[in-house]
Amino acid sequence: MSKSKKYDAISGFEGTSYVFDFNNDDAGKLQLIGIWKDDVILNPDLDEWTTLKDSDEALSAFNILKNGTSVEA
Amino acid sequence: MAWDNSINVASSLSVKDYFSDKAASLTNSLNLKPIIPNFISPFISNAERDFAQNSFTGREVSVLAYPIDIDPEQDHLEIDEMEYRRPGTGKQGENVLTGANSQQNAGGPGASTAADYAIGGSIILPMPKVTDTNGAEWGKSELTGDEMNRSNRASSWKHTDAFQGGRDNEQDAENISREGGRGQQTRGRGAGNTDNQTNFWWSRDLMLRAKSVQKNIGGNVTADSFLARERGQILNPNAELLFQGPILRSFSFSWLMVARSQREGREIRRIIRKLKKGAAPKWNNTALLETPSIWQLTYKSGKKTLKTANRFKQCALTSITVDYAPDGIWTAYDDSQPVALRMGLGFKELRAVYETDQQDASLNDSVGF
């Protein structure tokens with residue numbers, strides 16, 4: 001179980017901080033399992049969840065946790 | 001390592017399960033609300049209640065509870081901290097108190113050594129394992145025939161001086177000792193006689209002679225061993241079980257305290273510190289120390305005292321033990337609060353329980369103290 005850093009400037013959601021929560025599936029592959037909005041777990045049924053899942057920040061967080069920060073640079 | 005252009009997302013079901021789990025955990029934590037802060041025991045008067053409420057705004061919280069959302073209407077143990085105060089001192093100093101409730105004697109039924117207000121507030125804890133042990137101190141008492149004779153003479157109204165009895169017997173012993181074998185011959189004539197009086201004197205002779213042997217020879221030779229070897233008899237100790245005094249009851253409690261939130265962890269720490277503080281002697285100066293706080297324990301349901309469990313007299317907190325790793329391994333949250341700890345308290349009552357206490361009308365229909 002790994003959490004990303006806080007992102008508080010996601011396009012369309014400025015002023016709110018989000019944290020992406022990842023775990024590993026049975027095969028050991030990293031996967032997004034949840035999103036935290038201002039330290040409260042976000043309901044996956046909301047459109048907000050879907051939008052955030054597809055955001056650049058979610059992709060960045062995924063790659064950083066999967067590969068490490070050096071790859072991003 | 002390749003930079004991915006898309007992310008893996010857990011299945012919809014897994015994501016929803018994760019959300020439900022985290023949301024429930026968060027909601028549970030938010031629902032852990034402290035009990036009403038001014039929930040004070042009903043025996044405290046309005047003035048005392050005000051005092052306790054005022055103290056709530058100070059450094060100490062007047063009512064601490066574990067679990068913090070405990071329902072006071074359910075059975076629980078309330079521990080009230082009180083200042084130790086001898087009767088007739090302090091605010092009560094104007095009263096002239098005598099008998100069982102005086103400055104020099106606060107041991108009788110109904111006596112109190114608590115100040116007339118609760119200074120330290122209360123601690124609410126779940127019902128522990130409830131046991132009580134009542135009784136009195138009984139012990140074996142032995143009195144040889146000679147000692148019994150002296151006691152009889154000392155307690156007899158015919159003898160005005162108790163010590164005179166002892167002196168008479170000592171004289172008897174010396175006389176018989178001097179008689180030696182002669183005494184056995186003269187008094188021995190009655191040995192075969194069935195007359196009780198003769199038997200008594202014959203036995204008395206033997207007893208005094210045995211004691212004389214013990215005194216003169218010493219070492220491993222006692223009156224009993226001499227008689228046992230000589231005649232296969234020993235001195236009759238006339239053993240009886242006699243009342244020797246009241247007992248002061250002790251109570252031990254233990255609670256496993258699990259912090260379900262940071263706030264509950266903080267409450268647990270406050271409870272432990274409050275008990276440690278109350279149990280510690282109070283520094284006065286290099287010459288004197290003040291008595292630690294005393295505690296009134298009450299099993300309650302709401303504001304009613306339980307009739308189905310024992311009552312307590314005022315108690316001293318004699319021991320506090322806290323096992324911060326009850327499972328043998330240090331396990332803590334992010335803030336280093338142990339996940340679980342075990343707190344043990346040892347109380348001892350300040351006064352004995354007397355028949356008068358058990359006969360109190362307010363105890364009708366209850367199990368008493």
Side-chain angles (χ1 to χ4, degrees), chain A residues 1-7 9-13 16-73, chain B residues 1-35 66-69 257-270 325-341:
Chain A
M1 199 69 71
S2 306
K3 282 185 178 178
S4 72
K5 68 171 189 175
K6 279 187 179 176
Y7 293 90
I10 297 177
S11 179
F13 301 102
T16 307
S17 68
Y18 293 94
V19 172
F20 298 98
D21 205 348
F22 297 88
N23 70 359
N24 292 100
D25 64 10
D26 295 339
K29 287 176 62 180
L30 192 69
Q31 61 179 10
L32 180 69
I33 189 72
I35 301 173
W36 296 79
K37 177 183 181 181
D38 291 335
D39 299 324
V40 176
I41 189 80
L42 189 62
N43 188 342
D45 290 335
L46 298 174
D47 292 340
E48 186 181 359
W49 202 96
T50 309
T51 308
L52 288 164
K53 170 192 70 131
D54 296 331
S55 66
D56 290 342
E57 285 78 4
L59 182 63
S60 174
F62 176 79
N63 277 298
I64 289 170
L65 287 172
K66 184 182 174 192
N67 303 315
T69 51
S70 60
V71 177
E72 186 180 23
Chain B
M1 293 284 183
W3 182 265
D4 292 5
N5 293 320
S6 63
I7 68 172
N8 301 322
V9 180
S11 70
S12 174
L13 192 63
S14 298
V15 170
K16 284 186 178 176
D17 281 349
Y18 185 75
F19 165 74
S20 301
D21 183 44
K22 294 296 176 187
S25 172
L26 195 66
T27 306
N28 186 39
S29 174
L30 292 172
N31 282 340
L32 297 179
K33 304 235 185 277
I35 61 167
Y66 173 82
I68 55 173
D69 58 342
M257 306 173 93
V258 180
R260 295 168 298 164
S261 66
Q262 280 195 334
R263 189 164 47 183
E264 196 162 60
R266 195 160 52 239
E267 188 84 347
I268 290 171
R269 295 198 295 274
R270 282 179 179 162
D327 294 328
I329 293 175
W330 175 260
T331 315
Y333 292 116
D334 289 346
D335 63 350
S336 297
Q337 168 70 29
V339 173
L341 56 84

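Numbers restart at 1 for each chain; the letters A, B, ... are given by sequence-line order, proteins then strands. In this text, all values refer to a predicted model and were calculated from it rather than measured experimentally.
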Identified side-chain contact (heavy atoms from CB on, under 4.5 Å) partner of A:Glu48 from the options A:Leu52, A:Thr50, A:Thr51 = A:Leu52

Select one option (side chain, backbone, both, neither) describing which atoms of B:Ser12 are under 4.5 Å from chain A's heavy atoms.
-> neither

Contact class of B:Asp17 relative to chain A, heavy atoms under 4.5 angstrom | neither

B:Asn8 side-chain N/O to A:Leu30 backbone N/O, donor-acceptor pair under 3.5 Å | yes

Taking all non-hydrogen atoms of both residues, which atom of B:Gln337 and which atom of B:Ala259 are closest, and how far apart?
-> CG-CB, 4.0 Å

Dump the intermediate steps for side-chain contact (heavy atoms from CB on, under 4.5 Å) on A:Tyr7 and A:Ser60, then the final yes or no.
-> CA-CA 11 Å; A:Tyr7 293 90; A:Ser60 174; 3.9 Å; yes

So, A:Gln31 and A:Asn23: side-chain donor and acceptor under 3.5 Å apart, yes or no?
-> yes

Anything under 30° is parallel, anything over 60° is perpendicular, the rest tilted; go ahead and classify A:Phe13 against A:Tyr18.
-> perpendicular

May I have the step-by-step check of salt bridge (Lys or Arg N to Asp or Glu O under 4.0 Å) for B:Asp69 and B:Arg260, ending in yes or no?
-> CA-CA 11 Å; B:Asp69 58 342; B:Arg260 295 168 298 164; 2.8 Å; yes

Please test A:Asn24 against A:Lys29 for side-chain contact (heavy atoms from CB on, under 4.5 Å), starting from the C-alpha separation and ending with a verdict.
-> CA-CA 5 Å; A:Asn24 292 100; A:Lys29 287 176 62 180; 5.8 Å; no

Under the side chain to side chain donor-acceptor pair (under 3.5 Å) rule, collect the residues that match up with B:Tyr18, sequence neighbours excluded.
-> A:Asp21

Please list, chain by chain and in numerical order, all residues satisfying salt bridge (charged side-chain N to carboxylate O under 4.0 Å, His left out) with B:Asp21, sequence neighbours excluded.
-> none

Per-residue contacts, residues 36-46 of chain A versus chain B, heavy atoms under 4.5 Å | A:Trp36, A:Asp39, A:Val40, A:Ile41, A:Leu42, A:Asn43, A:Pro44, A:Asp45

In residues 325-335 of chain B, which residues are in contact with chain A at a heavy-atom separation under 4.5 Å?
-> none

